[in-house]
Amino acid sequence: MKKLSLILALLSVRLFAADELPAPELTEYYTPVPPVVASPPGAVPSDAIVLFDGTNLDAWEPARADGHPWKIEDGAMVVIPTPAPAKPCDQQTKRAFGDIQLHIEFRTPAKVEGKGQGRGNSGVYFMGLYEIQILDSWENPTYVNGQAASIYKQTPPLVNASRPPGEWQSYDVVFIAPRFAADGTLSSPARMTAFHNGVLVQHDTVLTGPTEYRGQPKYKAHAAKLPILLQDHRNPTAFRNIWVRELALP
Ligand code: MG
């Protein structure tokens, strides 16, 4: 279509002399037309899949069979922290996703307890494997590749855009899933661009593999789409206004 448009443009304009600039039409094309997405103020984009609107947890399930759902409190989805030593209970979407744009709002507890990784820790795991860290990183030093908006244990955020504990914050993330060849080898790694409270924190960052707490990450072939997971890190972190747009990239 692009080629056809260019040929039509060529036919419709006069040929230019060698000393003239090419006609502007030669670099303009009209198809395919981008689909219209309505984006009214204060509402989610019309092609978004809403994962949490404050009313129910229908899009979510405990990430392990013997787990419990989290709770809804004042329109927020709140972690019910699992006390140690019991295994934490993450929540995952019932639906699976590959390349997406995600919007999520979160609030770390107003009452500051613990320090470092113990303050308001949670995380968004794309495909259940690749974490962008959620942490109360307001005047709370920790290893930089583990602070808020880091790609956990891989890449620190470009800046610390954290708000004080107890305030709502947002992540807007473009996650590009890794691709694997038929023989299971990696064709292209996962990539992430993220904004924290509207501030760029990850720019097309290449992920070196799934999130690992110990040792180096290593890619292992997996499905093209997998659930998004929210982490129970034993802190009562809250979430609201969660939506995704599935991306069909050229
Ligand atoms: Mg975490």
Side-chain angles (χ1 to χ4, degrees), residues 51-52 60 62-64 67-70 76-93 97 100 102-173 175 190 192 194-197 201-202 205 207-217 226-240 242 244:
L51 295 177
F52 181 66
W60 299 88
R64 55 186 173 85
H68 55 267
W70 293 349
M77 175 179 174
V78 184
V79 182
I80 300 179
T82 310
K87 241 178 123 193
C89 187
D90 306 329
Q91 305 293 307
Q92 66 182 25
T93 55
F97 299 97
I100 53 167
L102 169 92
H103 175 85
I104 188 166
E105 295 171 25
F106 63 93
R107 185 188 59 200
T108 62
K111 188 173 170 221
V112 171
E113 285 174 322
K115 58 178 181 142
Q117 293 290 311
R119 265 175 62 173
N121 196 333
S122 182
V124 182
Y125 282 73
F126 294 88
M127 311 193 90
L129 294 167
Y130 308 98
E131 181 187 16
I132 183 166
Q133 172 72 308
I134 289 176
L135 192 73
D136 172 3
S137 281
W138 178 264
E139 298 172 355
N140 178 31
T142 185
Y143 44 95
V144 295
N145 59 346
Q147 71 179 68
S150 64
I151 294 172
Y152 187 70
K153 287 277 179 113
Q154 295 187 21
T155 312
L158 294 166
V159 294
N160 182 352
S162 296
R163 292 178 184 154
E167 288 192 17
W168 282 103
Q169 310 191 50
S170 66
Y171 284 161
D172 287 279
V173 184
F175 174 80
M192 201 187 287
F195 294 83
H196 182 186
N197 299 325
V201 283
Q202 299 286 346
T205 306
L207 278 72
T208 54
T211 301
E212 292 290 355
Y213 181 50
R214 298 167 196 266
Q216 295 301 321
L226 288 167
I228 299 166
L229 183 144
L230 297 179
Q231 185 186 34
D232 167 10
H233 202 283
R234 311 190 196 278
N235 299 140
T237 303
F239 300 89
R240 71 178 185 190
I242 312 172
V244 297

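Side-chain atoms are counted along with the backbone in the values below, which use heavy atoms only and exclude waters and symmetry mates. Counting starts at 1 for both ligands and their atoms, in listed order.
Minimum interatomic distance between Gly116 and Thr142 (heavy atoms only, all atoms of both residues): CA-CB, 4.1 Å. Nearest heavy-atom pair across Gly146 and Gln133 is O-NE2, 3.2 Å. Between Ile80 and Asp232 the shortest heavy-atom distance is O-OD2, 3.9 Å.
Residues His233 and Pro88 fail the side-chain proximity criterion, which asks for heavy atoms closer than 4.5 Å.
Closest approach between the Mg ion (ligand 1) and any N/O/S atom of Glu131 involves OE2.
Look at Gln133 and the Mg ion (ligand 1): an N/O/S atom of the residue is under 2.8 Å from the metal. The Mg ion (ligand 1) does not have Gln117 among its coordinating residues (no N/O/S atom, backbone or side chain, under 2.8 Å).
The Mg ion (ligand 1) is the vertex of the angle joining OD1 of Asn121 and O of Ser122, which measures 80° to the nearest 10°.
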